[in-house]
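Beneath this line is the structure, given in structure tokens, with notes to follow.
Just so it is clear, the values below take in all heavy atoms, side chains as well, and ignore hydrogens, waters and symmetry mates. As the structure is a prediction and not an experimental result, all values here were calculated from the model.
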2 protein chains.
Amino acid sequence: MTPFSAQRVLTDLTEQRQIGAYKTGLHRPSLSAAHMQSLQWLCEKMRAAHLDPIIDGIGNVIGRSAAAGPKLLAGSHMESQNYAGWLDGPLGLVYALEAARVINGDAKGAAVEVVAWFDEEGHFGNFLGSRSYCSGLSEGDIDAAIDRTDGRKLRDALAKVGLAGKARIGHEPGRHIGYLEAHIEQGDWLETRKLAAAAVTSIVGIWQFKITIDGTQNHAGTTRMAIRRDAGVAAAKLLVAVDTRFPEVAGPRTVWTTGRITLEPGAPSIIPGRAEILLQVRDADPETLLRMERTLIELVAAANDAGPCGLRVEALRKSHPAMMDVRFQNAIIDAAEKVAPGRHTHLPSGAGHDAQILSAVMPAAMLFVPSIGGISHHWTEDTSDTDLATGAEIYVEAAKMMLGCQ
Amino acid sequence: MTPFSAQRVLTDLTEQRQIGAYKTGLHRPSLSAAHMQSLQWLCEKMRAAHLDPIIDGIGNVIGRSAAAGPKLLAGSHMESQNYAGWLDGPLGLVYALEAARVINGDAKGAAVEVVAWFDEEGHFGNFLGSRSYCSGLSEGDIDAAIDRTDGRKLRDALAKVGLAGKARIGHEPGRHIGYLEAHIEQGDWLETRKLAAAAVTSIVGIWQFKITIDGTQNHAGTTRMAIRRDAGVAAAKLLVAVDTRFPEVAGPRTVWTTGRITLEPGAPSIIPGRAEILLQVRDADPETLLRMERTLIELVAAANDAGPCGLRVEALRKSHPAMMDVRFQNAIIDAAEKVAPGRHTHLPSGAGHDAQILSAVMPAAMLFVPSIGGISHHWTEDTSDTDLATGAEIYVEAAKMMLGCQ
């Protein structure tokens with residue numbers, strides 16, 4: 001077995017951050033030139049680690065091993081959010097490559113197979129790559145997908161990079177003992193407690209709601225206050241009601257966010273005739289999500305009854321919380337105790353990850369390493385070299401334990 | 001003196017509505033082909049009424065008379081809001097043309113001079129045409145003006161229609177005894193009371209404020225509720241505070257409107273780091289406007305002190321209320337009593353009009369006719385033929401009284 005090398009990990013991380021560099025981060029949207037170049041870089045690294053890379057018809061890159069023993073699937077994603085950080089995604093692939101280099105070729109024939117999932121960041125949809133692999137994506141889903149930044153069709157973008165018509169690789173039942181993914185925490189829990197790593201217990205479910213408010217569009221000068229049906233005022237009142245009521249029914253880690261409010265027509269001298277609110281709730285407990293949804297429905301109904309506007313709520317998306325495999329969690333904690341004694345914990349993940357999709361078809365686990373200041377989805381995202389190296393060593397040890405090759 | 005003809009008025013109104021027709025309304029943005037065609041139509045009508053039309057360097061069209069007696073300036077605007085109604089603007093010009101046809105050539109040499117002000121609807125700015133005439137518009141203002149729909153420069157748009165480099169016509173002190181403008185009410189006061197006309201008492205002042213809220217942009221999944229600084233929630237709270245507090249300090253006719261709320265970055269999974277609110281207050285009383293402004297500043301300061309976000313308020317625009325000339329108001333009421341006995345009133349204008357700009361340099365007055373359903377700035381805007389005809393007759397009578405030619 002090749003010895004673990006922290007230097008190799010840091011060198012790989014530094015190499016990949018040159019591809020699509022933006023300030024100290026990355027701008028590497030799905031299927032951009034920089035993204036495709038990063039996949040080529042990954043394929044070379046796979047070949048050097050005796051893996052046989054294939055890029056499939058949805059842009060997943062899978063590096064397979066010819067070894068005859070137990071196999072662990074390990075990876076993450078290479079694309080970034082727009083103008084975002086250098087670790088969100090690539091970290092998990094660099095760690096997986098190192099695990100493959102250390103473990104593959106061992107006497108028992110155990111192997112790590114490395115995978116880069118397409119579009120975890122959702123430029124074109126929700127977890128399109130891992131859903132395709134796990135059989136949760138139809139051709140119709142691909143037909144319908146468009147880039148949220150520039151509106152181009154996924155089909156056209158795939159054709160442009162030469163992937164149109166290529167087969168998509170699906171999950172082979174029995175091939176893998178499970179899936180392992182490393183990621184920065186994207187919060188400040190580990191950093192503030194000076195911990196080196198966390199085993200993720202579960203990945204939150206995300207329930208996304210659209211609230212539509214119908215009022216009456218009218219002239220802002222000639223319409224008396226008494227007869228107005230202002231959709232914007234109704235939107236503000238609902239959000240304040242949510243802000244007051246939600247904390248009373250939330251769980252200890254429930255979070256909710258209104259990321260967008262749209263007033264129509266949005267002109268300074270016109271009373272808004274319509275408003276739309278995007279409200280999202282996240283929790284790892286399905287019961288809590290249901291309770292939050294019921295509360296939202298009650299608040300919308302109360303606002304509707306109070307008038308003068310008409311409100312309705314619609315669930316746009318309900319992803320269910322995903323539990324991480326307990327034996328794999330134990331392997332991560334045991335590995336962390338070996339590498340960084342006493343400096344580890346369990347944490348739920350408030351962000352979505354491909355591991356939640358994989359957990360439906362095989363045991364899945366995640367390792368978190370610290371994020372400086374908890375910052376992510378921003379070019380200042382960072383982790384110290386020490387934490388990056390320690391995390392990599394824990395990851396490789398955990399992979400060995402999962403594969404039973406001590 | 002030529003007798004008044006309601007038929008001529010209705011024919012003119014019908015002719016002009018063909019130019020840039022949209023459903024039953026108009027789409028005639030400033031300096032569009034339809035707008036320029038409508039100005040040519042107006043010039044022909046002016047010539048037929050023995051007026052000498054000039055289109056000046058800002059797109060104002062002024063039809064001057066060679067008569068030696070007292071002159072009344074009378075008009076409105078030919079351009080429309082985008083996809084809007086057929087009367088908002090052109091009504092005032094058709095009435096002015098009829099007054100010129102009836103009055104001009106009278107034995108005393110009295111005359112109505114007709115004017116179409118450029119861009120009352122604010123495609124490129126605020127009252128650019130009437131401000132240019134009244135000396136309130138610099139070359140720098142014109143340099144800076146851009147179309148709010150498509151962003152093209154006013155200078156380029158003027159050059160395209162051949163107006164670049166032409167002189168702008170300014171107000172000639174002493175030339176006119178005053179200014180008269182007719183307009184649909186854009187509210188339902190006259191219609192619901194079955195009245196035929198109103199003499200406008202004053203045009204409201206419009207104070208436009210921008211409230212900027214600084215929070216902290218962060219990940220909607222990994223950031224705990226307790227440490228969030230959500231600019232969107234702060235915006236909603238401020239708007240509810242405005243909705244609660246403003247009615248307590250408002251005058252009987254004060255109106256206020258939040259037409260636009262912008263959250264940045266506006267993504268469903270990102271906590272808004274910044275919010276911007278456009279809030280407008282209108283009243284005809286300067287004291288009331290000041291009181292509303294002080295209240296807004298207090299509410300913003302209280303929200304700022306309460307935290308966690310930083311709020312600040314800035315006045316973008318303060319147009320002052322404009323009083324209409326009392327003698328001219330009396331002439332309108334006397335004319336209305338003659339044409340439609342008992343079916344008239346006084347009203348303030350909640351919307352802005354060129355008459356407010358003119359009132360700074362000469363006595364100014366406005367006549368309102370009913371709006372069906374109070375609808376305006378929409379293609380369904382309408383007024384019955386009977387009301388249109390009655391309004392025109394009142395207008396011509398009022399113009400005669402103002403000019404002293406009975």
Side-chain angles (χ1 to χ4, degrees), chain A residues 122 148 185-189 204 206 208 217-225 227-228 230 232-233 235-240 242-243 246-247 250 253-263 265-272 275 278-280 282 316 349-352 371 374-378, chain B residues 122 148 185-189 204 206 208 217-225 227-228 230 232-233 235-240 242-243 246-247 250 253-263 265-272 275 278-280 282 316 349-352 371 374-378:
Chain A
R148 64 176 146 88
E185 182 201 336
Q186 304 180 276
D188 62 359
W189 191 272
V204 294
I206 303 179
Q208 180 78 48
Q217 182 177 324
N218 223 323
H219 192 292
T222 59
T223 315
R224 289 176 293 126
M225 297 309 292
I227 62 164
R228 293 186 176 203
D230 185 324
V233 171
K237 285 183 177 176
L238 180 72
L239 292 181
V240 170
V242 164
D243 187 66
F246 268 29
R253 286 185 174 273
T254 318
V255 291
W256 57 94
T257 307
T258 295
R260 194 182 300 163
I261 303 171
T262 315
L263 303 189
S269 289
I270 304 181
I271 300 164
L278 291 185
L279 174 68
Q280 181 186 92
R282 300 186 186 213
L316 294 182
S349 172
S371 292
I375 295 166
S376 78
H377 289 191
H378 191 273
Chain B
R148 65 175 146 88
E185 183 199 336
Q186 304 179 277
D188 63 358
W189 190 272
V204 294
I206 303 180
Q208 180 78 48
Q217 180 177 325
N218 222 325
H219 191 291
T222 58
T223 314
R224 288 176 294 125
M225 297 310 291
I227 63 164
R228 293 186 177 203
D230 185 323
V233 171
K237 286 183 177 176
L238 180 71
L239 291 182
V240 170
V242 164
D243 187 65
F246 268 30
R253 286 184 174 273
T254 317
V255 292
W256 57 93
T257 307
T258 295
R260 192 182 299 163
I261 303 171
T262 314
L263 303 189
S269 288
I270 304 181
I271 300 163
L278 291 185
L279 174 67
Q280 181 186 91
R282 299 186 187 214
L316 295 181
S349 172
S371 291
I375 295 166
S376 78
H377 289 192
H378 192 274

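Ranking A:A351, A:A220, A:G187 against chain B, the residue ahead of the rest is A:A220, based on heavy-atom pairs under 4.5 Å. In terms of heavy-atom pairs under 4.5 Å with chain A, the best-connected choice from B:L263, B:I270, B:D188 is B:L263. The greatest number of non-hydrogen atom pairs below 4.5 Å with chain B, out of A:K237, A:R148, A:Q208, is found for A:K237. With respect to chain B, the highest number of heavy-atom pairs below 4.5 Å among A:G374, A:A267, A:P268, A:P272 belongs to A:P268.
For B:Q186, the parts sitting under 4.5 Å from any heavy atom of chain A are the backbone and the side chain alike. The contact between A:E185 and chain B is made entirely by backbone atoms, counting heavy-atom distances below 4.5 Å. With a threshold of 4.5 angstrom between heavy atoms, B:S269 approaches chain A through its backbone and through its side chain.
Of the residues listed (A:D243, A:V233, A:V240), the one engaging B:V240 in a side chain to side chain contact (heavy atoms under 4.5 Å, CB included) is A:V240, and it is the only one.
Residues satisfying the side-chain hydrogen bond (donor to acceptor under 3.5 Å, both in side chains) criterion with B:T258, sequence neighbours excluded, are absent altogether. Residues that satisfy the side chain to side chain contact (heavy atoms under 4.5 Å, CB included) test with A:R228, not counting sequence neighbours, are A:T223, A:M225, A:I271, B:V255, B:T257.
Side-chain N or O atoms of A:R282 include none that pairs as donor or acceptor with a backbone N or O of A:I206 at under 3.5 Å.
A perpendicular orientation is assigned to the rings of A:F246 and A:W256, their planes being inclined by more than 60° (bins at 30° and 60°).
Counting heavy atoms from C-beta outward, A:N218 and A:I227 have side chains that stay 4.5 Å or more apart.
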